[in-house]
**Q** 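There's a structure below that I have some questions on.
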Amino acid sequence: MFGAITVEEKKFLLKPMNCPFHIEMYNARKWSYRDLPLRWAELGTVYRYEKPGVLHGLMRVRGFTQDDAHHFVAQENMEDELVWIINFCVHMLTSFGFTDYNVFLSTMPEKAIGDKEDWDRAEDGLRAALDKAGLDYEVDEGGGAFYGPKIDIQIKDAIGRGWQCSTIQFDFSLPERFDLSYIDSSGQQKRPYMIHRALLGSIERFFGVLIEHYAGNFPLWLAPTQVKVLPITDSVNDYAAELTKKLKENNFRAELDDRSEKVGAKIRDAEIFKVPYMFVIGAREAESGQVSVRRHGEGDIGTMSLDDALAMLIAEEKSKGITDEKK
Ligand SMILES: [Zn+2]
């Protein structure tokens with residue numbers, strides 16, 4: 001599993017997946033049916049020796065991070081667990097603004113391990129879970145991995161391109177091979193099912209897709225800089241610095257632009273960087289303790305107290321920019 005490769009005369013061992021480590025953890029002690037399901041997640045780094053010609057931005061890289069998890073579940077609870085995972089998956093994708101996706105159920109390939117009966121049961125479980133979650137899907141006959149059937153979710157970005165991200169994979173092979181077990185309610189030793197799942201897939205790739213999807217114009221909760229504070233004259237720099245501090249105290253990623261530039265230039269720069277909010281501060285705002293608020297792409301949205309501005313930002317951040325019709 002850990003093949004050695006030589007790159008530029010140096011020897012490397014690649015870790016291509018995270019699964020074996022969770023399995024070792026599982027096998028480090030005994031489990032009862034009361035402990036299940038176990039859901040172990042990690043942001044695990046994995047490596048693939050992609051040829052230089054196919055490396056592509058964040059989309060295809062040699063080292064990446066999977067939001068990887070393994071669920072160890074009693075066979076009779078498999079369907080409930082799958083529904084739980086699918087709902088979690090949809091919640092994650094929706095939160096990032098992806099409401100358009102294609103779901104594929106991949107079934108038993110010609111070369112497969114395990115009994116046909118087990119496969120049928122697992123495929124029925126996946127089907128039933130998709131139905132319960134209310135998702136439409138296409139069946140990819142024979143497209144499953146040799147070790148089990150799977151659900152793949154392909155998200156569509158703003159311009160309709162499809163990207164494979166989420167995957168939920170059933171596994172008959174590893175529980176057998178590593179002799180995983182738990183004790184059921186009647187004291188019998190049983191074999192658990194194992195489900196591999198990644199919701200975002202490769203974090204690097206997901207963020208590549210996300211940047212393309214929003215064309216850099218992120219919703220407030222994701223914007224690298226959320227608010228730029230723009231003093232009109234040097235004389236209000238202190239008040240502007242105070243405001244920036246208050247924004248940071250409220251956990252906003254705020255920056256002060258106190259360069260001796262005209263405010264028009266500061267606004268233009270903030271617009272180019274697609275910063276969602278600009279707080280423009282003049283003598284009037286400093287005197288009255290208010291802020292004049294601009295929204296990226298919309299312009300001036302009015303003068304208000306800092307408390308009101310904060311309440312507005314907090315509500316928007318909480319909504320993740322998802323409007324009701326998208327929910
Ligand atoms: Zn895995």
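Order of appearance sets the numbers: ligands from 1, and atoms from 1 within every ligand.
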**Q** Give a yes or no on whether a salt bridge exists between Lys116 and Asp120, defined as a side-chain N under 4.0 angstrom from a carboxylate O.
**A**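 A salt bridge links Lys116 with Asp120.
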**Q** Protein N, O or S atoms less than 2.8 Å from the Zn ion (ligand 1), ignoring waters?
**A**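 The answer is Cys19 SG, His70 NE2, His196 ND1.
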**Q** Among side-chain atoms of Thr244 and Glu255, is any donor-acceptor pair under 3.5 angstrom?
**A**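 No, because no side-chain N or O of Thr244 sits under 3.5 Å from a partner of the opposite role on Glu255.
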**Q** Distance to the ring centre below 6.0 angstrom and angle to the axis at most 45 degrees; does that hold for Arg295 and Tyr277?
**A**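 Yes.
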**Q** Hey, are Asp124 and Arg127 close enough for a salt bridge, meaning a charged N less than 4.0 Å from a carboxylate O?
**A**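 Salt bridge between Asp124 and Arg127, a charged N being under 4.0 Å from a carboxylate O: yes.
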**Q** Give me the one residue out of Leu256, Val275, Ile267 that meets side chain to side chain contact (heavy atoms under 4.5 Å, CB included) with Leu230.
**A**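 Among the candidates, only Ile267 passes.
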**Q** Is Asp118 salt-bridged to Arg121, cutoff N-O under 4.0 Å?
**A**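 Yes, this pair counts.
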